[in-house]
S.K.: 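Please read through the structure below; I'll follow up with questions.
By convention in this document, chain letters (A, B, ...) are assigned in the order of the sequence lines, proteins followed by strands, and residues within each chain are numbered from 1.
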Amino acid sequence: MNGLRSFLSRQLHRTSSIGLSALARAITGVRPIWIGSASSERQRIYFANHASHGDFILLSACLPEQERQRTRAVAAADYWGKSRLRRFIAEDMLSSVLIRRDWKEPADNPVNAMLGVLDQGYSLILFPEGTRNMTEDEPLLRFRSGLYNLAMARPRVELVPCWIENMSRVLPKGQFLPVPLLCRVVFGPPIAIGDGEDRLDFLNRAHAALLALRPHRRGDRR
Amino acid sequence: MMRETTLLFLGLGGVLVAASLVSALLAWRSGDPVGPVLVNLNQRIQAWWVMVALIGVAFIFGMTGMTVLFALISFAALREFVTLTHTRRGDHWVLLAMFLAIIPFQYWLVWTAWYGLFTIFIPVYCFLLMPAVTALQGDTERFLERVAAQQWAVMLVVYCVSHVPALLTLEIPGFEGRHLLLVAFLIITVQGSDVLQYVFGKLLGRRSVAPAVSPSKTWEGLVGGVASACLLGAGLSFLTPFTALQAAVVAFAVCLMGFLGGLVASAIKRDQGVKDWGHMIEGHGGMLDRADSLVFAAPVFFHIVRYFWTV
């Protein structure tokens with residue numbers, strides 16, 4: 001019985017992953033731009049800017065099928081666990097890693113949940129801003145500490161910055177019908193934590209590395 | 001009509017075979033590695049095979065095929081255009097309406113041959129209602145710029161492009177049932193003129209027409225391309241209700257409009273700092289890189305035919 005369940009859930013995840021990626025490509029014509037990193041089978045944490053529910057689907061649509069199957073997104077349990085439908089979408093369809101942003105007990109520490117998934121061999125998609133960026137003038141919010149804690153605990157995992165372009169225009173917060181606009185995801189060179197690097201210094205450097213992938217004006221897009 | 005259609009597609013196939021052979025020959029003569037211009041030429045010719053095949057399929061399905069094909073072209077072009085413009089969250093509903101309501105409705109008007117509404121739906125009703133919806137959203141930041149760009153987008157890539165399938169609705173005495181050939185005439189002369197301008201420009205191009213806008217558009221390319229496209233148009237008069245001379249004059253008008261369309265598209269791209277509109281068509285760029293000339297030529301061609309040849 002359990003075997004059947006896990007088989008079905010794997011199939012559900014596989015099917016929705018393929019279907020959603022195809023849909024994302026049809027609507028946005030998304031193209032990955034690899035600058036200083038290439039798609040590879042190494043274990044990675046892809047960290048990206050976040051302004052839309054479509055971000056994770058867009059980013060994973062840029063990964064090769066194999067890589068996509070072993071990459072899971074980190075999502076907020078206090079949002080995605082709120083209703084049965086949300087939980088079904090997040091956990092069963094997208095196979096996301098749900099973490100609690102409002103943890104109190106050390107046992108709920110989200111870093112542990114993420115490390116657990118990394119230790120199973122998965123790559124992660126992480127949005128270090130911790131929430132969707134709703135400002136229209138500030139391109140990237142301050143990073144939370146999660147990225148630093150993961151980098152300290154698993155220094156061999158590559159940290160790849162990914163700038164997601166235009167998705168917030170395709171599917172802004174509070175909307176569920178996407179406007180078809182062309183999107184790109186720019187994958188930058190991996191960064192690594194330096195010896196004895198301070199938490200704030202590292203987070204600032206990661207922030208700058210992600211921001212550097214952003215086109216300065218629309219003209220730098222191509 | 002069957003005879004002309006067969007001749008037409010045999011002719012197109014022949015030209016493409018010849019182009020592919022020339023491209024292969026050039027690549028063989030240049031040896032390894034093949035230069036970027038030749039690689040691009042080869043990609044362009046391959047994309048032409050696909051485009052001619054798609055138009056051929058649309059031909060088989062007649063009016064419906066053409067309407068659907070050009071609605072899809074409008075969709076792809078609109079996506080490229082809107083991507084380049086500045087949009088804000090308050091534009092979401094207008095943008096959605098452009099894709100999900102304006103395109104389908106405009107092409108439905110074409111399909112049902114509702115000429116009266118077809119001509120004013122976008123220039124009057126969308127023109128007035130789109131900014132109204134945007135204003136109701138309450139975000140006035142860069143309002144005029146956003147609204148103007150949306151107007152441009154639907155006028156260029158929906159309204160103007162929809163004039164191509166609308167040719168099928170014209171009532172031309174003595175030309176019944178052969179309208180598809182008129183569409184073919186327009187596409188071949190305008191796109192042929194683009195190709196010929198490219199060829200003449202690459203071979204003889206010296207002086208730029210508007211160096212600040214597009215250095216690749218030269219007087220030599222323009223004159224050589226348009227002149228030879230007029231000859232091409234005269235040769236294709238058997239597809240149309242025109243005499244050979246009339247066909248040459250009409251071809252001249254649409255090729256000139258096509259050139260201006262390319263020039264305006266270049267100016268917009270330069271202003272936005274991009275080289276191509278997109279990446280949809282290998283070697284050519286985006287849909288709009290290929291269709292910009294047709295955008296400007298289609299309404300003028302439609303009006304010429306409607307004024308002089310319909311009852």
Side-chain angles (χ1 to χ4, degrees), chain A residues 22-35 49-55 58 61-62 131-141 163-187 213-222, chain B residues 71-72 74-104 133-134 137-142 145-146 149-150 153-154 157-158 267-282 285-289:
Chain A
L23 189 69
R25 263 183 245 119
I27 293 176
T28 68
V30 62
R31 297 181 313 134
I33 310 288
W34 297 93
I35 302 176
N49 55 318
H50 192 28
S52 162
H53 281 327
D55 285 340
L58 198 74
C62 289
T131 183
R132 281 177 292 164
N133 179 0
M134 285 306 116
T135 65
E136 292 211 58
D137 343 281
E138 202 176 338
L140 192 61
L141 304 177
W163 185 263
I164 298 175
E165 203 175 277
N166 274 345
M167 195 59 205
S168 55
R169 297 164 70 199
V170 171
L171 194 68
K173 185 180 190 174
Q175 305 288 350
F176 66 93
L177 278 176
V179 175
L181 297 176
L182 299 171
C183 292
R184 307 190 315 169
V185 179
V186 185
F187 294 83
L213 304 175
R214 169 177 175 255
H216 294 297
R217 44 176 249 132
R218 273 165 292 162
D220 301 338
R221 283 170 43 87
R222 304 199 170 99
Chain B
L72 292 175
S74 281
F75 177 88
L78 185 62
R79 185 165 73 166
E80 290 168 1
F81 196 103
V82 177
T83 301
L84 277 198
T85 64
H86 176 72
T87 67
R88 292 172 66 82
R89 224 176 297 145
D91 297 321
H92 196 73
W93 285 107
V94 173
L95 298 180
L96 267 181
M98 283 159 63
F99 288 97
L100 299 182
I102 297 178
I103 289 181
V133 172
T134 308
Q137 299 293 316
D139 183 357
T140 55
E141 184 84 22
R142 292 165 80 174
E145 179 194 340
R146 285 152 56 207
Q150 291 161 5
V154 285
V157 303
V158 186
I268 298 174
K269 284 186 283 187
R270 181 138 298 213
D271 177 33
Q272 300 295 326
V274 297
K275 204 180 130 299
D276 292 322
W277 287 99
H279 297 269
M280 194 169 198
I281 311 174
E282 190 82 41
M287 177 62 80
L288 260 175
D289 290 292

S.K.: Give a yes or no on whether the backbone of A/K173 and the side-chain of B/R89 come within a donor-acceptor separation of less than 3.5 Å.
M.R.: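 Side chain of B/R89 to backbone of A/K173, a donor-acceptor pair under 3.5 Å: no, none is there.
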S.K.: At a heavy-atom separation under 4.5 Å, does B/F75 approach chain A through its side chain, its backbone, both, or neither?
M.R.: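 B/F75 touches chain A through side-chain heavy atoms alone.
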S.K.: At a heavy-atom separation under 4.5 Å, does A/T28 approach chain B through its side chain, its backbone, both, or neither?
M.R.: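 Backbone of A/T28 only, per the 4.5 Å heavy-atom cut-off to chain B.
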S.K.: Taking all heavy atoms of B/W277 and all of A/L182, pick out the closest pair and write down the distance.
M.R.: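 Of all heavy-atom pairs spanning B/W277 and A/L182, the closest is O-CD1, 4.2 Å.
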S.K.: May I ask you to decide if A/L177's main-chain N or O and B/H92's side chain share a donor-acceptor pair within less than 3.5 Å?
M.R.: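 Confirmed, B/H92 side chain pairs with A/L177 backbone.
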S.K.: Within the distance-only criterion (no hydrogens, no angle test), does the side chain of A/R169 pair as donor or acceptor with the backbone N or O of B/H86 below 3.5 angstrom?
M.R.: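 The answer is no, because no donor-acceptor pair under 3.5 Å joins these two groups.
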S.K.: Taking side chain to side chain contact (heavy atoms under 4.5 Å, CB included) as the test, write out the residues that go with B/V157, two or more places apart.
M.R.: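 Applying side chain to side chain contact (heavy atoms under 4.5 Å, CB included) to B/V157 gives B/A77, B/L78, B/L288.
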S.K.: With a 4.5 angstrom heavy-atom cut-off, which part of B/E141 approaches chain A: side chain, backbone, both or neither?
M.R.: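 For B/E141, neither part sits under 4.5 Å from chain A.
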S.K.: Going by ring-ring contact (aromatic ring centres under 6.0 Å, His included), name the residues that satisfy it together with A/W34, two or more places apart in sequence or in a different chain.
M.R.: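 Partners of A/W34 by the ring-ring contact (aromatic ring centres under 6.0 Å, His included) criterion, ordered by chain and then number, come out as A/F187.
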